[in-house]
Amino acid sequence: MAGPLAGIKVIEMAGLGPCPFAAMMLADMGAQVIRIERKSAPGAATPFPMLGTKYDVLARGRRSLALDLKQPAAQAIALDLIAKADVVLEGFRPGVMERLGLGPDACLARNAALVFGRVTGWGQSGPLAQAAGHDINYIALTGMLHAMGRADAPPAPPLNLVGDFGGGAMMLAFGVVCALLEARGSGKGQVIDAAMTDGAALLGAMMYGLRAQGGWSGGREANLLDGGAHFYDTYACADGKFVSVGAIEPQFYALLRKLAGAEDPAFDAQMEPAGWPGLSEKLAALFARRTRDEWCALLEGTDACFAPVLDLDEAPRHPHNAARATFVEVDGVMQPAPAPRFSRTVPELGSAPAWPGQHSAAVLKDWGWDDDAIAALAAQGVI
């Protein structure tokens, strides 16, 4: 593997949501990631039909080892692998890894320089630590969900981007790299407690600052960046498609007005919130006069801070995304390419997602087990 993390060995305890995303990010950057999956009967039900198939994009770029972790021999294999790794990633409820005999104490006893990354919704401690939840619940607790959506409707779920992936996975991956850098000097590993509540709250740092300063109201659709401002919103076009505008700065706002034909003097009062609802209605009427493609021909590529709202099929075909190879196709599945970009240690997209246990024998052989030992483990149903 190429990339800035080439040579780093990661053991991922396969799960859902943020842990696979963080492992994907590390694998995309060149880390060698072994995905330990629980050995299950063929055809066993899974929460999502895509799991274990080529459509499980979050599992790309790594090999899969399936272990029956109820057996002590499988737990011993996992510990032996961890002893040779740089990083462990897990996303189970607090206490699950400990009950498997694979908690931080056991792992660090075998590998003092190990970075043990844990990601959960509520964190490893606190009154809610053992409660079930999902992305929407975690961002609800931080104040972020309350700020999203229209004023006359309940808060709108922003997919699972803010909690699972932004507040959870990316914070975990960032923490792992920080801990790896620190371990280079200290020779000591440590445990990372990445809570989606903590991470989602951190993503809202600017809004909390604005709120303290008096620049952010408690209501939805009443602020600069939540759809309250007419110049920072989405609008429907004549063909039922949508466009986005974000002309905050005066010079960009002036250009938007000029190119779009927003000549009404009422638009002069750009930064007076009392007038925003009325100006939003005026802009809505204006954008409804033309199709999305017509607005693109007029505004795209200018400093009017404009972009079409594309769907998941359209986005990979957009000329800008195509020119930058923002999306790639792997085994017939369109998906985002690794990011960010590097000038020298350029990452290469790894293999398509593996089916659970696809590389069990190969992983063990590469990591030091001989053929006879592997055959015995298979005969015992350990792998």
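Fair warning: this is a prediction, and the values are worked out from it, not measured in the lab. Scope of the values below: all heavy atoms of this structure, side chains included, with no hydrogens, waters or symmetry mates.
Applying the salt bridge (charged side-chain N to carboxylate O under 4.0 Å, His left out) test to every pair with at least one member in residues 172-184, sequence neighbours left out, gives no pairs at all.
For the pair Arg292 and Phe306, the NZ or CZ position fails the cation-pi test of under 6.0 Å to the six-membered ring centre and within 45 degrees of the ring normal. Remark: Lys84 is positioned above the aromatic ring of Trp369, its terminal NZ or CZ atom under 6.0 angstrom from the ring centre and at most 45 degrees off the axis. Seen from the ring of Trp295, Arg290 counts as a face-on cation partner, given the 6.0 Å and 45° thresholds. Relative to the ring axis of Trp367, Lys9 places its NZ or CZ within 45° and under 6.0 Å from the centre.
Although no hydrogens or angles enter the test, the distance criterion places a donor-acceptor pair under 3.5 Å between the side chain of Tyr253 and the main chain of Phe267. Side-chain atoms of His318 come within 3.5 Å of backbone atoms of His320 as a donor-acceptor pair (strictly under, hydrogens ignored). Remark: side-chain polar atoms of Gln213 are paired, donor with acceptor, to backbone N or O of Gly215 under 3.5 angstrom.
Classification of the Trp122-Tyr138 ring pair by plane angle, with boundaries at 30° and 60°, yields perpendicular.
Comment: Lys365 does not engage Asp370 in a salt bridge, judged by the lack of any side-chain N to carboxylate O separation of less than 4.0 angstrom. For Arg62 and Glu12, the salt-bridge test passes: some basic side-chain N is under 4.0 Å from an acidic carboxylate O. With respect to the salt-bridge test (charged N to carboxylate O, under 4.0 angstrom), the residues Glu98 and Arg118 qualify. With respect to the salt-bridge test (charged N to carboxylate O, under 4.0 angstrom), the residues Asp264 and Lys282 qualify. The pair Arg110-Asp105 does not count as a salt bridge, with every side-chain nitrogen at least 4.0 angstrom from each carboxylate oxygen. With respect to Lys39 and Glu37, no salt bridge is recorded, no charged nitrogen being found less than 4.0 Å from a carboxylate O.
Using modelled atom types and a 3.5 Å distance limit, the side chains of Gln335 and Arg60 yield a donor-acceptor pair.
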Which side-chain N or O atoms in residues 154-176 pair as donor and acceptor under 3.5 Å with protein atoms at least two apart or in another chain?
| unit_1 | atom_1 | unit_2 | atom_2 | d |
| --- | --- | --- | --- | --- |
| Asn160 | ND2 | Asp164 | OD2 | 2.9 |

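Under the 4.5 Å side-chain contact rule for hydrophobic residues, Val87 and Leu108 do not share a cluster.
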